[in-house]
Visitor: 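Have a look at the structure that comes next, please.
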Amino acid sequence: MGMDQTKLVGQSVVRFGAPRLVVAGVLGLAMVAAPAARAQAMHWGGVHLLLMQGAAQQQAAENTPPVANAADTSNTPRVDPRDRPLSDKEKFRKLRQERNELSGAYKTWLTQDVAYIITDEEAKAFKSLGNDEERDAFIEQFWQRRNPNPDSADNEFREEHYRRIAYANEHFAAGKPGWKTDRGRIYITWGKPDSIDSHPSGGSYQRPMSEGGGETETFPFEVWHYRYLEGVGDNIDIEFVDTCQCGDFHFTLDRSEKDALLHVPGAGLTLYEEMGQAKKADRFKGGIENLGNGPLGQGNESKEFDRIEMAAKLFAPPPVKFRDLDAFISEHKILTGPVFPFDVRTDYVRVTDDTMLVPITLQIKNKDVTFTTKDGVSHGVVEIEGRVSTITDRAIQTFEDTVEITQPQELLGSTMQRSSVYWKALPLRPGMYRLDIAVKDVNNKDHIGIYARSLVVPKFDDEKLATSSMILADKMEQVPTQTIGTGNFIIGNTYIRPRVSKNPIAPVTFTRDQRLNCWMQVYNLGINDKTKSNEATVTYEIQDGATDKVLLATSEQSKDMSAHSDQLTMERTVPLAGLQPGKYKMTILVNDAISKQQITRSVPFVVE
């Protein structure tokens, strides 16, 4: 064949020399040559080769480079598909990726500082930002959403978070920074446990009955106990074990993992195994735990899914409380699902000359709440978030809370006929505000209600008689000294639970078997310069709502209530059994003999 040689290796062709070969399939191989070339056929190992001889061979023999042919592409460099010019769409995508690439402090913030507390949605949104200004604004808003006191210049949540990171790095490092360990992660996410059962050296261990009882030897381990973790549950025990005995305590769902004698036959037996009522081999029957049988261990298998669910919640970002409700308040988002109805009442009580206490009372009908029943107990949960803002939309006060309704299943029917009441008192300066409230039925995520109204906090003139709101309540009583001024429904030394109507102008409703409790304060009474006491007469009246006819009336003197004060608290309880069903009006008249002023307040009510 001379200098033109072709070899077949497997199903591939290797070419030597000048001729150009083109593979024509597994069984065929052809060489392209000049039209004037002479062809010669050969059969080699079942593969037909077509050898083209002619001008190319003659030129090679004369040591002259072959003349390039239009079909000759052997010396032309191949173009890598990856090096081809990008389309406009691909250029734009590449530019956007480069622009959004995180680096430096922003990457550290996302992957280290807030790695355990940022939600997937927040992380995705942060990565999509295109410039540092947007990232800075996002970070500021991220911390603000978690700030327990939005009006404060200091963010308590952020300060506590970085303190936890520093603590984790100092106390939980084990060949890696403390924040990367399981103990560090739990501490950063959930804070200091309420108690720790620590066994830093392992050793002899008496199992609790829930783990089978009996004595064994263990690796170093710790059990962290939290009385309550929001979004996780009550009485949470988290176990960490150091099986390598190198200081790296890792989280475990398997309480038997700390047992150093688990795989040693006849050692570390449980109580039943010692008594011959169980075999150690029975522990290894599958599941996430290899606990032996014991007096209180029969239900362990059924609780494995609960432990898996608990672990999923522990290692998820902690919930941003009521963040789904925040959009309805801060952005005035429109409801798309069924409306969750609730009623709101606001009252005003003077605290100082420049501060008013504004009690906000919410009433929710239990029949509008979705209940879930488990183990014979029915449970309903309602989340409440509220905000008071100025007319320029600057938040002044915020509040959030949860109302839980728990009843035995057999009493659920009667519970549905009643209402649940929530109360929050906010200190505000006189002025005009906007009150926004959003409520959510936890067991029905699309069941949300919103409330938005103006709030005019009055300012009292020091020279004129003035009163607080008149509150009609279904329950009123004195409270112990240690609870004065604290707790729900407490104003001063009185527990008072207001009745709430459907709207601000509708009358509240009582039944004939109830008592009508009336509470009001009067301010700026005149004081006698000689006796240093007040001289006012307070008259209470119940009038017919249609005719204003006085049905019940009684009076008392201010000196019998608080003789030396310019402020009086009036409390009166009236049985309603003597009133027929109908519309009525409760009126309080204060006649100040010293300042020669009178003031009257009236509130309608209905007896059913």
Side-chain angles (χ1 to χ4, degrees), residues 322 325 329 340-351 355-369 380-389 396-405 418-428 433-441 449-458 467-477 479 483 485-511 514-521 569-573 586 601-606:
F322 309 156
L325 293 181
I329 291 179
F340 188 1
F342 63 100
D343 303 318
V344 179
R345 173 190 177 94
T346 55
D347 295 296
Y348 306 97
V349 180
R350 191 179 75 172
V351 178
T355 304
M356 299 288 289
L357 186 69
V358 183
I360 301 171
T361 309
L362 275 68
Q363 179 175 269
I364 301 168
K365 294 180 179 178
N366 293 343
K367 66 180 182 179
D368 294 323
V369 179
V381 183
V382 176
E383 293 178 347
I384 301 172
E385 180 173 355
R387 184 179 77 158
V388 177
S389 56
I396 299 298
Q397 290 278 3
T398 60
F399 59 92
E400 53 189 27
D401 215 331
T402 301
V403 175
E404 298 188 20
I405 310 168
R418 299 193 294 269
S419 297
S420 296
V421 182
Y422 169 81
W423 191 85
K424 184 69 175 181
L426 303 176
L428 294 173
Y433 302 93
R434 175 188 172 104
L435 172 63
D436 290 278
I437 300 174
V439 298
K440 176 185 176 182
D441 186 357
I450 56 176
Y451 172 95
R453 292 288 187 277
S454 62
L455 197 65
V456 181
V457 180
T467 70
S468 68
S469 303
M470 184 193 296
I471 301 176
L472 300 186
D474 56 13
K475 185 176 181 180
M476 184 172 67
E477 60 189 17
V479 298
T483 59
T486 62
N488 287 337
F489 304 107
I490 296 178
I491 303 177
N493 62 350
T494 304
Y495 176 98
I496 180 166
R497 188 172 64 192
R499 297 289 286 180
V500 183
S501 60
K502 295 181 179 180
N503 57 68
I505 62 174
V508 296
T509 302
F510 293 85
T511 58
Q514 290 182 307
R515 291 175 176 268
L516 181 139
N517 301 284
C518 179
W519 185 97
M520 191 178 80
Q521 288 182 339
T569 299
M570 293 155 286
E571 300 174 354
R572 181 65 58 174
T573 298
M586 180 72 186
R601 292 288 181 264
S602 296
V603 175
F605 66 96
V606 174

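Throughout, numbering of the chain's residues begins at 1 and tracks the sequence.
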Visitor: For a quick test of reading the model, state the closest non-hydrogen atom pair linking F399 to K424 and the distance between them.
Guide: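 So the two residues come closest at CB-CE, 3.8 Å.
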
Visitor: Give the C-alpha distance, both sets of side-chain angles, the deciding distance and a yes or no for side chain to side chain contact (heavy atoms under 4.5 Å, CB included) between I437 and I360.
Guide: CA-CA 10 Å; I437 300 174; I360 301 171; 4.0 Å; yes

Visitor: Which heavy atom of P427 sits nearest to which heavy atom of A425, and what is that distance?
Guide: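 That closest heavy-atom pairing would be CD-O, 4.1 Å.
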
Visitor: Just one of V403, D441, T402 clears the side chain to side chain contact (heavy atoms under 4.5 Å, CB included) bar with V381, so which one?
Guide: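 By the side chain to side chain contact (heavy atoms under 4.5 Å, CB included) criterion, V381 pairs with just one of V403, D441, T402: T402.
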
Visitor: Once rounded to the nearest 0.5 Å, what's the spacing between atom CD1 of I364 and atom CD1 of I405?
Guide: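 Rounded to the nearest 0.5 Å, the CD1-CD1 separation comes to 7.0 Å.
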
Visitor: To the nearest 0.5 Å, what is the distance between NZ (K367) and CZ (R418)?
Guide: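 So the gap between those two atoms works out to 14.0 Å.
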
Visitor: With sequence neighbours excluded, tell me which residues meet side-chain contact (heavy atoms from CB on, under 4.5 Å) with T494.
Guide: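 So T494 forms a side-chain contact (heavy atoms from CB on, under 4.5 Å) with M476, Q478, I496, W519, E571.
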
Visitor: What distance do T398 atom OG1 and E385 atom CD have between them, rounded to the nearest 0.5 Å?
Guide: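 Result: 7.5 Å between the selected atoms.
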
Visitor: Any side-chain to backbone donor/acceptor pair from S469 onto Y348? Under 3.5 Å, distance only.
Guide: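 It does hold such a pair.
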
Visitor: Minimum heavy-atom separation for V369 to G380, with atom names?
Guide: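 Looking at all heavy atoms of both residues, the shortest contact is CG1-CA, 4.0 Å.
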
Visitor: Could you walk me through whether I491 and T569 satisfy the side chain to side chain contact (heavy atoms under 4.5 Å, CB included) test, starting with their C-alpha distance in whole Å, then the side-chain angles of each, then the deciding distance to 0.1 Å, before giving a yes or no?
Guide: CA-CA 10 Å; I491 303 177; T569 299; over 6 Å; no

Visitor: With side chain to side chain contact (heavy atoms under 4.5 Å, CB included) as the test, would you mind laying out the steps for M586 and L472 before giving the verdict?
Guide: CA-CA 9 Å; M586 180 72 186; L472 300 186; 4.2 Å; yes

Visitor: Is the shortest side-chain heavy-atom distance between Y451 and L362 below 4.5 Å?
Guide: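 Side-chain contact under 4.5 Å: no.
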
Visitor: If the threshold is 4.0 Å, N to carboxylate O, is there a salt bridge linking R345 and D347?
Guide: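 Yes, this pair counts.
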
Visitor: Measure the CG-OG1 distance between L516 and T573 for me, rounded to the nearest 0.5 Å.
Guide: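 Atom-to-atom, L516:CG and T573:OG1 are 8.0 Å apart.
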
Visitor: How far does SG of C518 sit from CZ of R572, to the nearest 0.5 angstrom?
Guide: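 With rounding to 0.5 Å, SG (C518) is 9.5 Å from CZ (R572).
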
Visitor: Hey, is the main chain of R499 close enough, under 3.5 Å, to the side chain of Q363 for a donor-acceptor pair?
Guide: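 No: the side chain of Q363 does not pair with the backbone of R499.
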
Visitor: Flag this pair as yes if the NZ/CZ of K440 is under 6.0 angstrom from the six-membered ring centre of F340 and inside a 45 degree cone about the axis; otherwise no.
Guide: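 No, cation not above the ring by the 6.0 Å, 45° rule.
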
Visitor: On a heavy-atom basis, which atom in S389 and which in D436 lie closest, and how many Å separate them?
Guide: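 Nearest pair, atom of S389 first, then D436: OG-OD2, 4.4 Å.
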
Visitor: Indicate every side-chain donor-acceptor pair of residues 504-511 with a distance under 3.5 Å to a residue at least two apart or in another chain.
Guide:
residue	atom	partner	partner atom	Å
T511	OG1	D513	OD1	2.4
T511	OG1	Q514	OE1	3.4

Visitor: Considering only residues two or more places apart or on different chains, which pairs with a residue in residues 356-366 satisfy salt bridge (charged side-chain N to carboxylate O under 4.0 Å, His left out)?
Guide: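 As it turns out, there is no salt bridge (charged side-chain N to carboxylate O under 4.0 Å, His left out) pair with a partner in residues 356-366 once direct neighbours are skipped.
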
Visitor: Do you know the tightest heavy-atom contact between N366 and S419?
Guide: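 Result for this residue pair: OD1-C, 3.9 Å.
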
Visitor: Indicate the atoms forming the closest heavy-atom contact of I450 with F342, along with that distance.
Guide: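 Heavy atoms only, the tightest pair is N-CE2, 3.8 Å.
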
Visitor: What distance separates I384 CD1 from E400 CD, expressed to the nearest 0.5 Å?
Guide: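 So the gap between those two atoms works out to 11.0 Å.
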
